[in-house]
Protein chains: 2
Amino acid sequence: MTMELREAKDKFIQAWGAFGSQWGINRSMAQVHALLLISPEPLSTEDVMEQLDISRGNANMNLRALIDWHLVDRVLKTGERREFFQAEKDVWKIATHITRERKKRELEPMVKLLAELKRTEGTGTDSKAFRQMATDLHDLTSRIDAVLERSTRSDVQWFLKAASTLLR
Amino acid sequence: MTMELREAKDKFIQAWGAFGSQWGINRSMAQVHALLLISPEPLSTEDVMEQLDISRGNANMNLRALIDWHLVDRVLKTGERREFFQAEKDVWKIATHITRERKKRELEPMVKLLAELKRTEGTGTDSKAFRQMATDLHDLTSRIDAVLERSTRSDVQWFLKAASTLLR
DNA sequence: CGATAGTTTCAAATAGTATTGAAAGATATG
DNA sequence: CATATCTTTCAATACTATTTGAAACTATCG
């Protein structure tokens, strides 16, 4: 037996929220994102507040944060005073933006630190072991960095994705 | 100018802790891991407590958690009553274990849910849009899942890594 | 301009997580 | 088996992050 739309949406919002918080993204932000993702129409702050049962301040702050991350756009409706919000619907774009942001904010500083730590002084066993560890970690993180960079920048892949969407 | 060993170790432990907590791993656990990573010798609970200035309970709980994750091994020294702990030093293995665990615990359930949500009832625009979104997300997460699976299981890569370590 | 509709801010409250430390539980030792 | 040494547990506490809601702010309209 298949599911009701309402129920399915709720399940998705809850799951997305839980998933996000396991990865260091706060629950409300992930839920707001989920809600917008599955709304065919842009929503107002009021809509978000009601549907997720969160406060105005919370809704506002997380909407702004999502805009910062380029995951959500403000849209204006003619004849409407208030702002509406809509999520970027292309999941490939979403993944790209999140990856880029986190890479820049978190991975790159770590790579930089490790590169620095490889240059520690000392000739004792401890120093050597430490440098080896720093080197290994640096290699690994650099490789991860490179993979993300590649998959983020790959124009070929981007083109294929765009094409497959158009041809769907 | 290069750095003192002591200073470098501290920097690394602090950074690893901060990095971990951005990714949903608690600071102490990441710090304990960092400390063991850069210790040439296995450490006792007492050592960990002292060096990180944390309580016995905290040290014990995080050591156990790290053992759970297969990132740390208990080792026994002959003639010593207490247990010592040592981190898996091969960073490739570490990355593999973490990836596998998180994939299993977090990504797979999400893929499963999305597969289910694709089967929502209804013929309205909303239902269709929702199914489309679930489908897109399912495609993406499945692809991520596949990539992780590949890089986790790749015996070729494993062999190359092992070989390069031996030949270093 | 004054009223109205909407947005943003932020201090305080709440909820969630991590840490401590003392006590209980194990295990080895003489 | 009594003692010493080490490990584990867990209720209390401290700490951090999130959320609220009311007030301040801004823009629009007649």
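Chain letters run A, B, ... following the sequence lines, proteins first and then strands; every chain starts at 1.
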For B:Arg74 against B:Ile67, the heavy-atom pair lying closest together
CG-CD1, 3.9 Å
Within this structure, what is the CD-to-P distance between B:Glu80 and C:dT27, rounded to whole angstrom?
18 Å
With sugar-phosphate meaning primed atoms plus P, OP1 and OP2, does B:Thr45 contact a base, only sugar-phosphate, or nothing at under 4.0 Å between heavy atoms?
sugar-phosphate
Nearest whole Å is fine: how far is C:dT9 P from A:Leu63 CG?
13 Å
Selection from D:dT19, D:dT8, D:dT5 that lies nearest to any side-chain heavy atom of A:Met61
D:dT19
Below the 4.0 Å mark, does C:dG16 have OP1 or OP2 next to a side-chain nitrogen or oxygen of A:Asn26?
no
Reading DNA chain C from 5' onward, which residue's closest nucleotide shows up sooner: A:Asn58 or A:Arg82?
A:Arg82
Candidate nucleotides C:dG21, C:dT9, D:dT19, ranked by approach to the side chain of B:Ser55 - the nearest:
C:dG21
Please test A:Arg56 against A:Glu46 for salt bridge (Lys or Arg N to Asp or Glu O under 4.0 Å), starting from the C-alpha separation and ending with a verdict.
CA-CA 8 Å; A:Arg56 184 173 298 284; A:Glu46 209 84 21; 3.3 Å; yes
Output the single nucleotide from C:dT7, D:dA27, D:dT7 whose closest atom is nearest the side chain of A:Asn60.
C:dT7
Of B:Phe84 and A:Gly24, the one whose closest DNA chain D nucleotide lies more 5':
B:Phe84
Please work out whether the ring planes of B:His70 and B:His97 are parallel, tilted or perpendicular, with thresholds of 30° and 60°.
parallel
Interatomic distance where CD1 belongs to A:Ile25 and C1' belongs to D:dT18 [whole Å]
15 Å
Want to settle it: does A:Arg27 or A:Arg64 sit nearer the 5' end of DNA chain C, counting the closest nucleotide to each?
A:Arg64
Are the side chain of B:Glu88 and the backbone of B:Asp90 linked by a donor-acceptor contact shorter than 3.5 Å?
yes
I want to check a possible cation-pi pair here: B:Arg102 against B:Trp23, using under 6.0 Å from ring centre and within 45° of the ring axis as the test.
no
Between P of C:dT27 and CZ of B:Arg81, the distance in whole Å:
11 Å
Value in whole Å for how far the P atom of D:dC6 lies from CG of B:Asp47
12 Å
How many Å lie between CG on A:Asn62 and P on C:dT7, as a whole number?
16 Å
Do the side-chain N or O atoms of B:Ser28 get closer than 4.0 angstrom to the phosphate oxygens (OP1, OP2) of C:dT19?
yes
From the list D:dT19, D:dT7, C:dG6, which nucleotide is the closest neighbour of the side chain of B:Glu83?
D:dT7
Nearest-angstrom distance from the residue atom CD of A:Glu50 to C1' of D:dT20:
17 Å
Atom CZ of A:Phe85 to atom P of C:dG6: distance rounded to whole Å?
12 Å
So does A:Arg56 reach the base of C:dT8 with its side chain, donor to acceptor, closer than 3.5 Å?
no
